[in-house]
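Structure, as structure tokens:
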Amino acid sequence: MMPDAIGYELDGDIAILKAQNPPVNALGYDVRMGLMDGIARAEKDGARAVLIYGDGRTYFAGADIREFGKPPRGPALPDICDRIESSPLVVVSSLHGTALGGGLEMALASHYRIAVPSARMGLPEVLIGVMPGAGGTQRLPRLAGLDAALDLITSGRQFGAKEALELGVVDRVVDGDPREIGLAYTRELLESGAKRRPVSEMPAPAPVDFDAIYDAVLKKGRGQISPATAVRGIQAACELPFADGMKRERELFRELMASDQREGLIHAFFSERAVGKLPELKGVEPRDLAAIGVIGGGTMGAGIATSALLSGLNVTMLEMTPEAAEAARGRIESNLGGALKRGKITQAGFEDLTQKALVLSTDYAALKDVDLVIEAVFEDMDVKKTVFKQLDAVCKPGAVLATNTSYLDVNEIAAVTSRPGDVIGLHFFSPAHVMKLLEIVVADKTAPDVVATGFALGKKMGKISVRAGVCDGFIGNRILSTYRTCADHMILDGASPYQIDKALTGFGFAMGPYAVADLAGLDIGWAVRKRLAPTRDPRERVPTFPDRLCEGGNYGQKTGKGYYVYEAGKRAGVPNPDVPAMIDANRAELGITPRDFSDEEIVRRYMCAMVNEAAKVVGEGIARRPLDVDMTLLFGYGFPRYRGGPLKWADIVGLKGILADIKTFAKDDPYFWQPAPLLETLVADGRSFDDLNKEAS
Ligand code: COA
């Protein structure tokens, strides 16, 4: 008996194998068994050709990622590809949906390929920390040439049917039902006497300087090893006979499969999907969402409005004066102009959005019919309270009232309205039409369907939405504040901002913390420090060198000077020569004799601070699950995706060692290095953060 994951049917002398493993026809054990049996049965039944296609929304979307890291079972994918390609029958694959990874490799092992125009293809394995392992690196260069293979395999990008046809990856593109177009094509091939056409027998491209390509790809990936390792696979295709190339590909694939980076990237893949699925929201319907209001058209408000417009919502933007409203329109139009340039919208779409979907007003009454309103005004509690009192007066019953505050207490804001159940925090990250992260801040009285509406809005806007509880800085900025403080302490003790930035970009961060601070504006942190100063614990070590910078009017990139000096027209800065003296003066005030830090120690302390605060955030319920913290850092703070997030990283390197280090650091600064109770419990019980993720899902 053949497993049900593959349907079998004989149509004349064509055997039809239909994948039926919803939702995405992943090539799991049952599917692999079914394919092996199906080919054998077709041969036994005397068929002359085999047609392979997928039922439902797609052809095979890839290997079953859930099996990664587990002991292998049943026939391996390369063996199936081999079996398909070496079958004496003519094998045709008909592609629709997303033929990705092992799915595309199955298609490449077929002798002919047809696709519907909407089909998407790709070898995205490097994005989940591995590389094509079923002949992708061997067959694609033979079929599409070296440049295309290098581009597609090292980027993992998807490509459409049109490009696939141009590259020779598919032979024909026809609109229609995948089964029908596949059958018609197979019949035509048989009638014209077409023979088997194994890609493995085609000539491979000539070898080039692969070492140089390897180095360039490794550098581009900021230390991610999978794309660079895939280059070695392609190299094998060009330098070795096919069978040896396949062996080499398998070895490289296995190395990556055993890597920490693979674990981190797969954690990111599943967490990205789990983050928006909160157990508490099961069965809770969001409220209607068609028209929204945005208050304040500065960089943040304009970014939010842009993102909302691009997701199909009507937007009413409220500003204080007609001039400010015009300036806001200018910002939104400029953002949308970027989308037009990149081909995300058409000229007609641009005009629709700017002329019909966007309305500007200076009158609160313009917000009376909106379903949801997002306040993005100046970050000051009194200003926010005034806004919410007005919203309470004009908005229709049931409208969701959201604040885009990044630090302030949403409960306090909600309390000035007569409807705290409708109030929520929606914390976007700047520029809001680009950054993927959205923190959905749930206050004490926020109604569940208001939370669901926040998530619905995030989904519509294509954001990664994370649920956060109320505290100073919520999930992301609270953790940021702690690891930034740790970095400042290292500077007081002897490190330089430039060494710290270098060590952390070496770890894989897109930018170091001081370059980020310059980008965000040093005045923001200065304002927070001033706000917190009156309630600060006397045991806290507070550096003053950042204040000295700000007092001189140096706020980072926007003033041309911060930790770095920025020349007009250049993005990257050079170290600001005034900074070392400010740091020296601060050390002298505190009587500190500076010591040397290695890059390893910098990374270790920085990460321990991040993990410790993250564990507190989870322990206090500010984040529901460790994966919520991981996704916050990944999508809002430039954390290297291939490390999975701070808590996945912690699981991988070992919680016991991290706790031990925190306790050692605490000997010098017991106030800053207070171990998170959750971390202590996990270590005592021999459990991991990922165990908590599993329990919560
Ligand atoms: N193995 C196992 N499960 C998979 C999977 C795979 N290769 N691809 C997707 N899924 C699961 C998802 O986890 C999700 O499960 P859930 O509903 O329990 O959360 C479900 O299939 C639907 O996927 P989703 O991503 O939500 O749907 P989509 O329509 O937005 O995207 C894909 C579909 C196939 C484009 C996308 O899931 C994807 O890129 N998958 C990975 C493909 C890949 O990397 N393949 C190479 C592996 S070698």
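Along the sequence shown, residues are numbered consecutively beginning with 1. These values consider heavy atoms only, across backbone and side chains, with no hydrogens, waters or symmetry-generated copies.
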Minimum side-chain heavy-atom gap [X]-[Y] below 4.5 Å:
X: Thr632; Y: Ile479; value: no
X: Arg624; Y: Val466; value: no
X: Trp649; Y: Met610; value: no
X: Phe270; Y: Ile65; value: yes
X: Leu692; Y: Leu678; value: yes
X: Ile213; Y: Thr154; value: no
X: Leu659; Y: Leu655; value: no
X: Ile464; Y: Leu438; value: no

Provide the closest heavy-atom pair for [X] versus [Y] in the form atom of the first, atom of the second, distance.
X: Ser406; Y: His427; answer: CB-NE2, 3.0 Å
X: Leu504; Y: Pro513; answer: CD1-CD, 3.6 Å
X: Ile475; Y: Ala623; answer: CD1-CB, 3.6 Å
X: Pro580; Y: Pro577; answer: CD-O, 3.4 Å
X: Val611; Y: Pro646; answer: CG2-O, 3.6 Å
X: Ala305; Y: Ile332; answer: CB-CD1, 3.7 Å

Just how far is it from atom [atom1] of [X] to atom [atom2] of [Y], taken to the nearest 0.5 Å?
X: Glu375; Y: Met300; atom1: CD; atom2: CE; answer: 10.5 Å
X: Glu333; Y: Asn335; atom1: CD; atom2: CG; answer: 10.5 Å
X: Lys648; Y: Asn693; atom1: NZ; atom2: CG; answer: 8.0 Å
X: Arg643; Y: Ile652; atom1: CZ; atom2: CD1; answer: 9.0 Å
X: Thr405; Y: Lys384; atom1: OG1; atom2: NZ; answer: 4.5 Å
X: Leu682; Y: Asp691; atom1: CG; atom2: CG; answer: 8.0 Å

Please check: side-chain N/O of [X] versus main-chain N/O of [Y], any donor-acceptor pairing under 3.5 Å?
X: Arg687; Y: Thr681; result: no
X: Ser271; Y: Ala268; result: no
X: Ser334; Y: Gly330; result: no
X: Arg331; Y: Thr299; result: no
X: Arg587; Y: Leu492; result: yes
X: Arg605; Y: Cys486; result: no
X: Asn612; Y: Ala609; result: no
X: Asp630; Y: Leu647; result: yes
X: Asp668; Y: Phe665; result: no
X: Asp651; Y: Phe689; result: yes

May I ask you to decide if the ring planes of Phe68 and Phe253 are parallel, tilted or perpendicular, using 30° and 60° as cut-offs?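 Aromatic pair Phe68/Phe253 classed perpendicular.
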
According to the interplanar angle, ranging from 0 to 90°, do the rings of Tyr483 and Phe509 count as parallel (below 30°), tilted (30 to 60°) or perpendicular (above 60°)?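 The arrangement is tilted - the two ring planes meet at 30° to 60°.
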
Above 12 or not: heavy atoms from other molecules or residues under 6.0 Å from NZ of Lys344?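 Open: at most 12 neighbouring heavy atoms sit under 6.0 Å from NZ of Lys344.
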
Check whether more than 12 heavy atoms from other residues, nucleotides or ligands sit under 6.0 Å from atom CG of Asp209, and answer yes or no.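 Atom CG in Asp209 is crowded, with more than 12 foreign heavy atoms closer than 6.0 Å.
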
Measure from NZ or CZ of [X] to the centre of the six-membered ring of [Y] and say whether it is under 6.0 Å with the direction within 45° of the ring axis.
X: Arg484; Y: Tyr514; result: yes
X: Arg232; Y: Tyr214; result: yes
X: Arg595; Y: Phe597; result: yes

Begin with the C-alpha distance, continue with both residues' side-chain angles, and end with the deciding distance and a verdict on salt bridge (charged side-chain N to carboxylate O under 4.0 Å, His left out) for Asp488 and Arg541. CA-CA 9 Å; Asp488 284 352; Arg541 292 180 79 195; over 6 Å; no

Report all side-chain donor-acceptor pairs from residues 634-641 shorter than 3.5 Å, counting only partners two or more places apart or in another chain.
| residue | atom | partner | partner atom | Å |
| --- | --- | --- | --- | --- |
| Tyr637 | OH | Asn477 | N | 3.0 |
| Tyr637 | OH | Asn477 | OD1 | 2.8 |
| Arg641 | NH1 | Glu272 | OE1 | 3.0 |
| Arg641 | NH2 | Glu272 | OE1 | 2.7 |

Could you go step by step and tell me if Phe474 and Val410 meet the side chain to side chain contact (heavy atoms under 4.5 Å, CB included) rule? CA-CA 10 Å; Phe474 316 126; Val410 183; 4.1 Å; yes

I would like to know whether Thr482 and Phe672 meet side chain to side chain contact (heavy atoms under 4.5 Å, CB included); could you show each step before the answer? CA-CA 9 Å; Thr482 302; Phe672 182 78; 3.8 Å; yes

Under the criterion side chain to side chain contact (heavy atoms under 4.5 Å, CB included), I'd like the reasoning laid out for Phe428 against Met461: C-alpha separation, chi angles, the key distance, then a yes or no. CA-CA 11 Å; Phe428 290 84; Met461 288 183 167; 3.6 Å; yes

Please enumerate all residues that pass side chain to side chain contact (heavy atoms under 4.5 Å, CB included) together with Asp409, with sequence neighbours excluded.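 Side chain to side chain contact (heavy atoms under 4.5 Å, CB included) list for Asp409, sorted by chain: Met381, Asn411, Glu412, Val470.
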
Counterpart residues, side chain to side chain contact (heavy atoms under 4.5 Å, CB included), relative to Gln224 (two or more places apart):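 Counting only residues at least two positions away or on another chain, Gln224 forms a side chain to side chain contact (heavy atoms under 4.5 Å, CB included) with Ser226, Pro227, Gln261, Leu265, Tyr642.
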
Does a side-chain N-to-carboxylate-O contact under 4.0 Å join Asp628 and Arg467?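 No, no charged N to carboxylate O under 4.0 Å.
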
When you check the gap from the basic side-chain N to the acidic O, do Arg604 and Glu601 get nearer than 4.0 Å?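 The answer is no: the pair does not qualify as a salt bridge.
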
Kindly state whether the ring of Tyr564 and the ring of Tyr498 have centres lying under 6.0 angstrom apart.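 When the ring centroids of Tyr564 and Tyr498 are compared, they turn out to be within the sub-6.0 Å range.
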
Could you go through the side chain to side chain contact (heavy atoms under 4.5 Å, CB included) check for Leu252 and Leu256 one step at a time? CA-CA 6 Å; Leu252 295 166; Leu256 289 175; 5.8 Å; no

State whether a side-chain donor-acceptor pair under 3.5 Å links Asn586 with Thr544.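 Checked: Asn586/Thr544 side chains pair up, N/O donor to acceptor below 3.5 Å.
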
